[in-house]
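Scroll down for the structure; my scribbles are underneath it.
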There are 4 protein chains.
Amino acid sequence: MTVSTVSRRVPVQARSEQRLKAILEAARHVFSEVGYASATMTEIAGRVGVSEATIFTYFASKRDLCVRVLGNWYDEIITQVENELPLIAGTRNKFAYLVRTHLYRLSVDGTGLCALILSEGREKDDKFGDVIVELQRRYTAPMMNVLAQGMASGDIRGDMPLGLLRSVVYGPMEHVLWDAVRKQRAVDIEATAASLSDLLWQGLVPPDAQEAALRQLRSDVIGAVKRFEAAALK
Amino acid sequence: MTVSTVSRRVPVQARSEQRLKAILEAARHVFSEVGYASATMTEIAGRVGVSEATIFTYFASKRDLCVRVLGNWYDEIITQVENELPLIAGTRNKFAYLVRTHLYRLSVDGTGLCALILSEGREKDDKFGDVIVELQRRYTAPMMNVLAQGMASGDIRGDMPLGLLRSVVYGPMEHVLWDAVRKQRAVDIEATAASLSDLLWQGLVPPDAQEAALRQLRSDVIGAVKRFEAAALK
Amino acid sequence: MTVSTVSRRVPVQARSEQRLKAILEAARHVFSEVGYASATMTEIAGRVGVSEATIFTYFASKRDLCVRVLGNWYDEIITQVENELPLIAGTRNKFAYLVRTHLYRLSVDGTGLCALILSEGREKDDKFGDVIVELQRRYTAPMMNVLAQGMASGDIRGDMPLGLLRSVVYGPMEHVLWDAVRKQRAVDIEATAASLSDLLWQGLVPPDAQEAALRQLRSDVIGAVKRFEAAALK
Amino acid sequence: MTVSTVSRRVPVQARSEQRLKAILEAARHVFSEVGYASATMTEIAGRVGVSEATIFTYFASKRDLCVRVLGNWYDEIITQVENELPLIAGTRNKFAYLVRTHLYRLSVDGTGLCALILSEGREKDDKFGDVIVELQRRYTAPMMNVLAQGMASGDIRGDMPLGLLRSVVYGPMEHVLWDAVRKQRAVDIEATAASLSDLLWQGLVPPDAQEAALRQLRSDVIGAVKRFEAAALK
DNA sequence: AATGAATGAGTCTTCATTCAT
DNA sequence: TATGAATGAAGACTCATTCAT
């Protein structure tokens, strides 16, 4: 039997559950604020009020801690969306819901994490491996489905790659929030979400089909009304 | 060079001028590739082929070097835009030009710098402070002008804050490029620029045309209803 | 148990006795496998299936545990030898028995312990101090007696210090086993023991026989020369 | 171009050459005294009178430093042996020379290194890889050649594997020296070398061939003398 | 002007040991 | 008696920065 490098068992008692949460929360904030490379275990430990060694009792490494922080964040929001989205009808409404939810989530605690994901996710040595990629995929899946279905049904223009649409949707939201953080200003989530939904949807809608559809609709109504009038006057 | 915080005498001879440029260039690449925190003076010095100490002859600190790198990058593109933009007529054309130029610039050497700005520009200790905010402001000024003038002329919808429009424009581009970097794929700049210009512009355009159509439709329906009521009462 | 430095009350119940043995056994293996410095209480505790704190209920410190492990190991083999050796007759046979037993013991679980003794027994701060020296002395006593008696009886050459003979006997065995461990090969204990006994014994035997032969030869030659000279002068 | 992890260039100036030697020497002592695992860079740096960081300017890692220490040690003695051995004639004389040299070298500064080699060389994760194995092979090559040639020429018994003979030769020497270190006593190298050479050689010589050869020789001489006498008297 | 050399201040991580329960 | 939890002390290693030459 070889000597195995057993990392100590993670504490599981009631009391330590709280500590674990505290560490995760502190870590979430620190990673958010300064990014992975600049975040230090010392800082995180200091915020929780424990020694650095204690953190290593709960997490195997800085990397592990970060992965768990990200995982938690994703899990929370993924769960929420998976529960609420099915209750909403209509492509346009689903779209607006996803925009609003994303914006809200990011604004609460995610801006930094998002930056983290984006900037650390590209390291060559894939420090976080496919963990992030997979989480990201799961997280954006609902939006991608909405967009894909919209394309299929003709609600959304089909002349651009889906990946580009994703960037068009998520890019502005991240940008808005970074801007806010950088300028230390609060964001009016509801107003911003409404505006973005509106503007982006208008961009996503098929360019001519839009007017065509309106014209068609109007002629239909007019036709119907005329037929009705004719019938009524008879 | 916009901002500088040099504490030592900068050499002014011809040879030194070249060296300074070489250092800036190497630093730009390194910062781009690995971010501020992970970039090392050793690596930069190594690429230039000088000792680390030499860099400190030209720059007071790593921070200073980075600020100068960013400043240079901004200066280059700002200069380019200030020269070329006036030659282009039409809000829509100017908009497309700016999108294309931004995308092109970022894709060449700016993605990493962009990440740098976004992830380092938020540090608690205000490492780069307002330097970046100011540079960013100057850089986006032309686009902001185009958008503002578009609003004034009625080419662009006026029902949303200008800052939001900026996010709508720049957000997707950054997103697209990070995506590309993360997936190690090249971006077809021209195609992407065209698509983004198209889609975004459609979103930016005042929804008047649509509203007009809708208003017309509504008045049609209302008229029909009135006539129907009249007929029914007859 | 020979030496102990326990500072806490050792449990005396039946259950505890077993646990103590289990800890000692696990510790023996771990120390064997990786040496004192690299052995961890976590690993030992893990193998026993108890918490690290429990070990400290039985042993005052890692050092104490290690000393006890070594003491136990020595005790076992010393007891065995003290029981079996008297049953064997003849210096040569006793010698072979001790070689075989030592080799066998070391190969079973002692190589690592041996390394432990050799490499840790030298520390500046006298980590194990004279404990090991004393154990070692007791352990080698039987062999030393055999050698001393052999010398007295003329079976073994008396022209070298006893201590040197000890090295000649134990050195090769340790060397053989380390070689085996390093090369990850099993040792044929019986064959090796036989070969070593044979070779070493031949070296240990008084060189008298050979000297006698040589002396004879020399006198023969001298005699011949004299006769030759006499003949030549004739 | 990827960011390469360039370790800083090793200093090469005259002044630093001395420092390098000083570090190597201090390291040799420390590793000797406490083994690889227990040796600390702090201790080594302290002895040289420099900061820990300085050592890392010269050596990439603790492992690297240790490998260099070992390499140096081996190189010195290998060079010496390769120069001197050819000047010595006769298997027996070469053997004695190698024993004496090994003993002398070890006693000067190698005991600890030897322990290091033996105890660290067996780690599973082959911390030092084949480096040590190869050095060890080169170092023992001359002795192995002498033994092999002795076997071929019948000077040495051929009924045992060469590897075992190596252990028989080197084992006692290491044992003698460890004993000395452990007991803090000096060794009389010359006397010990002579004794060991004598005793070991006697063990190595073919068991019966020895006496047979002597008998043969004597009869040859006797025969020759008789024939000579007969001729002379005629 | 350039740099070889050195280092102080951290960084992550490990682990024997303690103690309240 | 046993242990979950916590931690102080230390260890290898990094790197921006300084300074004499």
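Since this is a predicted model, take the numbers as computed values, not measurements.
- Sorted pairs that involve residues 51-62 of chain A and meet salt bridge (charged side-chain N to carboxylate O under 4.0 Å, His left out), not counting sequence neighbours, are lacking altogether.
- Between the P atom of E:dA5 and the CD1 atom of D:Ile23 lies a distance of 11 Å, rounded to the nearest Å.
- Rounded to a whole Å, the CD atom of D:Gln18 is 16 Å from the C1' atom of E:dA6.
- Residue B:Arg19 has a polar side-chain atom (N or O) positioned under 4.0 Å from OP1 or OP2 of E:dA2.
- Scanning for side-chain hydrogen bond (donor to acceptor under 3.5 Å, both in side chains) contacts around B:Thr54 gives B:Ser51, with sequence neighbours left out.
- Rounded to whole angstrom, the span from the CD1 atom of B:Ile44 across to the P atom of F:dC15 amounts to 12 Å.
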Quick one: which protein N/O atoms are closer than 3.5 Å to N/O atoms of nucleotides 11-13 of chain E? Pair and distance per line, please.
{"from": "E:dC12", "atom 1": "OP1", "to": "A:Ala39", "atom 2": "O", "distance (Å)": "3.0"}
{"from": "E:dC12", "atom 1": "OP1", "to": "A:Met41", "atom 2": "N", "distance (Å)": "3.4"}
{"from": "E:dC12", "atom 1": "OP1", "to": "A:Lys62", "atom 2": "NZ", "distance (Å)": "3.3"}
{"from": "E:dC12", "atom 1": "OP2", "to": "A:Met41", "atom 2": "N", "distance (Å)": "3.0"}
{"from": "E:dT13", "atom 1": "OP2", "to": "A:Lys62", "atom 2": "N", "distance (Å)": "2.7"}

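- Under the salt bridge (charged side-chain N to carboxylate O under 4.0 Å, His left out) criterion, D:Glu43 pairs with D:Arg47, sequence neighbours left out.
- Remark: A:Leu135 pairs with A:Tyr74, A:Val131 by the side-chain contact (heavy atoms from CB on, under 4.5 Å) rule, at least two apart or across chains.
- Listed pair A:Ser51 / F:dT7 meets the phosphate criterion, a side-chain N or O lying under 4.0 Å from OP1 or OP2.
- Taking 4.0 angstrom as the limit, D:Thr57 places none of its side-chain polar atoms (N or O) nearer than this to OP1 or OP2 of E:dA6.
- When the side-chain hydrogen bond (donor to acceptor under 3.5 Å, both in side chains) test is applied to B:Ser61, no partner is found at least two apart in sequence or on another chain.
- The residue among A:Gly49 and C:Ile55 whose nearest nucleotide of DNA chain F lies closer to the 5′ end is C:Ile55.
- When side chains are defined from C-beta on, C:Leu20 counts as touching C:Phe59, because their heavy atoms get closer than 4.5 Å.
- Phosphate proximity of E:dA1 to B:Tyr58: absent, as no side-chain N or O sits under 4.0 Å from OP1 or OP2.
- The distance from atom CZ of C:Phe59 to atom C1' of F:dT3 is 17 Å, rounded to the nearest whole Å.
- By the side-chain hydrogen bond (donor to acceptor under 3.5 Å, both in side chains) test, D:Glu25 is found to be paired with no residue, residues two or more places apart in sequence or in another chain being considered.
- Residues that satisfy the side-chain hydrogen bond (donor to acceptor under 3.5 Å, both in side chains) test with D:Thr40, not counting sequence neighbours, are absent from this structure.
- The shortest distance between the side-chain N/O atoms of A:Thr54 and the OP1/OP2 oxygens of F:dT7 is below 4.0 Å.
- Relative to the axis of its first five pairs, the axis of the last five pairs of the helix from E:dA2-F:dT21 to E:dT21-F:dA2 sits at 30°, rounded to 10 degrees.
- Counting only distance, with no hydrogens or angles, the side chain of C:Tyr36 and the backbone of C:Arg63 share a donor-acceptor pair below 3.5 Å.
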